[in-house]
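Heads up: the structure comes next, in C-alpha cells.
On a predicted model such as this, the values are computed, not experimentally measured, just so you know. Read the numbers this way: they start at 1 and go in the same order the structure lists the ligands and their atoms.
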Amino acid sequence: MGGARHNLISMESVHMERIAVLGLGIMGGGMAVNWLRKGYPTAVWNRTRAKAEALTAEGAIVAATPAAAAADADVIVAMVADDAASREVWLGSDGALAAAQPGALIVDSSTVTPNWIRELAAKAAERGCGFVDAPVGGSKQAAAEGQLVIFAGAEPEVFEKLRPVLGAVARVINHVGPVGAGATWKLINNMMVAIQISSLAEAMAMVARAGFDAKQVAGLIEASGFASGVIRGKLPRMMDHDYAAPDFNLSLMLKDTRYAVDMARTLGVDLKLAPAAAELFAAAERQGLGGGDVAGVAESVGAPAGGR
Ligand code: NAP
C-alpha cells in the first residue's frame, strides 16, 4: 500500500518538460525554485553567476551561458530587467534562441515592450519554436510562493501547451490575446501601479507637512475605499523610509512607466498622469534610490514621509 502510494507520488512529480530559466533576480529566482520543487528538471543561467549557484541546493543545473541552458530545454523562460536585457539573453553572443531545439517553447516573462516581443516571436518562428509572452503580476512573495498572476499572449494551441508549466508558478493564468497582448496589458497594468504609488508618495508628503499623526493616517488609508493591495503594500515602507531588500526596484518601475507612455503614444493615447509619475521616479533615481524599493519615490516628492 505504502509502496504503491509512494510510486504514485513519484510519478506525479515527474514531468516531461525540461525548463531553462534565464535571469534569476527577485522574480526569476522565485519562479525557478517553484519549477524545481514541483519536479521539473530545470537548468538556470544568470549574468551574475552566484544567483544561479545558490539554486544548486534545490537541484538546479547551472549553465555557463543562455545557450547552454537552452540547448536541452523544452521550455525556455527569460525573466530579465528590460528590452535590452531580453535581447541580450535571446539574441546576444551565446544567446538562447540560436541554441533552442526547433519545437521548443520560447517564453518571455520580463516586462518588456510589445514591439520587442513581436520581433522576438518572429525570430522564434524562424527557428521553428512556439512563442508566448507571459509577463507576471504579483511581486517577490508571490513569485517565491508560486502564486503569480500571468498575462499570456500566444496562439491558443501554443498557450495550451504551456499552461501546465505556468500552473507551477501561478495562481491565475490569463490568456489575454495573441503574441504581444500579454506585454501590452502588463504595461497598462503597471501604468496604474505607477500612478497609485506616486499618488501615495504625494499624499504622504502632504500628511507630513500638514502635521497629521502618521499612524492615524495609516489607519484612515487602510479603512478607505481606495486602499488597493499596492497602496497597502507600499504604505509601511513609506512610513518607515524603508526601501532596502526591495520587492520591486524603483528603476524597473521607471522603465515600465516609460514603456507605457511610449506604447500609449503608438496607440494614439496622450497620457498625462503616467509622464508625471515617471518624472517622480526619475527624480528618485537621480537621488540614488533606483536600486531600492519603488516606495522610495516618496523621497523625491520633497518632504519626508511618515510625519517626521
Ligand atoms: P531584478 O531582481 O532586478 O532582476 C533582474 C534580472 O535581470 C537579473 O537576473 C539580472 O541579472 C538580469 N539582467 C539585467 N540586465 C541584464 C543584461 N543586460 N543581460 C542579462 N541579464 C540582465 O528584477 P526582478 O524584480 O526579478 O524583475 C525581472 C522582470 O520582471 C522585470 O522586467 C520586472 O519589471 C518584472 N517584474 C517584476 C516584479 C517585481 O515585483 N519585482 C513584478 C512583476 C514583473 P544580474 O543578477 O546579473 O543583475
Side-chain angles (χ1 to χ4, degrees), residues 20-34 44-55 60 62-67 69-70 77-97 107-114 116-117 120 133-152 169-172 174 182-183 185-194 196-197 229-230 233-234 237 243-260 281 285 289-296:
V21 185
L22 314 172
L24 304 164
I26 291 171
M27 302 303 282
M31 292 165 78
V33 165
N34 275 284
V44 295
W45 172 86
N46 195 64
R47 182 180 61 176
T48 306
R49 191 181 167 103
K51 292 182 196 169
E53 298 288 355
L55 293 181
V62 176
T65 62
V77 184
M79 189 47 151
V80 291
D82 55 15
D83 281 12
S86 172
R87 184 178 289 277
E88 182 63 29
V89 302
W90 290 115
L91 305 182
S93 61
D94 292 322
L97 189 57
V107 182
D108 205 312
S109 283
S110 325
T111 304
V112 290
T113 64
W116 161 240
I117 284 294
L120 178 58
D133 47 312
V136 306
S139 201
K140 179 157 70 179
Q141 189 179 352
E145 294 175 356
Q147 297 292 308
L148 293 168
V149 176
I150 307 259
F151 313 117
V169 298
R171 72 181 163 81
V172 182
N174 303 288
W185 169 252
K186 176 62 183 169
L187 294 184
I188 297 170
N189 180 98
N190 273 28
M191 176 200 70
M192 291 188 277
V193 172
Q196 286 197 5
I197 292 172
V230 168
K234 296 308 168 194
R237 280 188 179 274
Y243 316 120
D247 297 297
F248 182 37
N249 287 4
L250 186 140
S251 292
L252 293 178
M253 182 88 271
L254 173 59
K255 173 260 308 183
D256 293 355
T257 313
R258 286 177 169 158
Y259 283 170
F281 295 123
E285 195 178 58
L289 294 163
D293 191 83
V294 60

Fill in: Closest protein heavy atom to atom 23 (O) of ligand 1, given as residue, atom name and distance to 0.1 Å
Leu252 CD1, 3.4 Å
Worksheet entry | Where ligand 1 meets Val89 - atom numbers and elements under 4.0 angstrom, heavy-atom basis | 20 (C)
Worksheet item: Atoms of ligand 1 less than 4.0 Å from Asp247 heavy atoms?
Response: 39 (C), 40 (O), 41 (N)
Worksheet entry | side-chain contact (heavy atoms from CB on, under 4.5 Å) against Val112, all qualifying residues, sequence neighbours excluded | Asp83, Ser86, Ser110, Trp116, Ile117
Fill in: Candidate with minimal heavy-atom separation from atom 2 (O) of ligand 1, of Asp256, Val149, Ile26
Ile26
Worksheet entry | The one among Gly138, Ser139, Ser110, Ala85 that brings a heavy atom closest to atom 22 (C) of ligand 1 | Ala85
Fill in: Residue Lys255 vicinity, atoms of ligand 1 by number, heavy atom under 4.0 Å
31 (C), 32 (O), 33 (C), 34 (O)
Discussion item. Distance under 4.0 Å to a non-hydrogen atom of Val136: what atoms of ligand 1 satisfy this?
Written reply: 43 (C), 44 (C)
Discussion item. I'd like to know whether ligand 1 has Met253 as a neighbour, heavy-atom separation below 4.0 Å.
Written reply: no
Practice prompt. Select the closest option to atom 6 (C) of ligand 1 among Leu22, Leu148, Val80, judged by heavy-atom distance.
Written response: Val80
Worksheet entry | Partner set under salt bridge (charged side-chain N to carboxylate O under 4.0 Å, His left out) for Glu145, not counting sequence neighbours | none
Worksheet, complete the sentence: For atom 45 (P) of ligand 1, the closest protein heavy atom turns out to be Thr48 OG1, 3.4 Å
Fill in: Contacting atoms of ligand 1, where contact means under 4.0 angstrom from a heavy atom of Lys186
43 (C)
Fill in: Atoms in ligand 1 flagged as close to Met79, the criterion being non-hydrogen separation under 4.0 Å
29 (C), 30 (O)
Worksheet item: Can you check whether Asn46 has an N/O within less than 3.5 Å of an N/O in ligand 1?
Response: yes
Fill in: Best match, Met27, Met31, Lys140, Arg47: closest heavy atom to atom 17 (C) of ligand 1
Arg47
Worksheet item: Looking at Gly23, which atoms of ligand 1 are within less than 4.0 Å of one of its heavy atoms?
Response: 9 (O)
Fill in: Closest protein heavy atom to atom 7 (O) of ligand 1, given as residue, atom name and distance to 0.1 Å
Ala81 N, 3.2 Å
Item to complete: Select one of side chain, backbone, both or neither to describe which atoms of Asn249 lie under 4.0 Å from any atom of ligand 1, heavy atoms only.
Response: side chain
Item to complete: Using a strict 4.0 Å cut-off to heavy atoms of Phe248, name the atoms of ligand 1 that fall inside it.
Response: 34 (O), 37 (C), 38 (C), 39 (C), 40 (O), 41 (N)
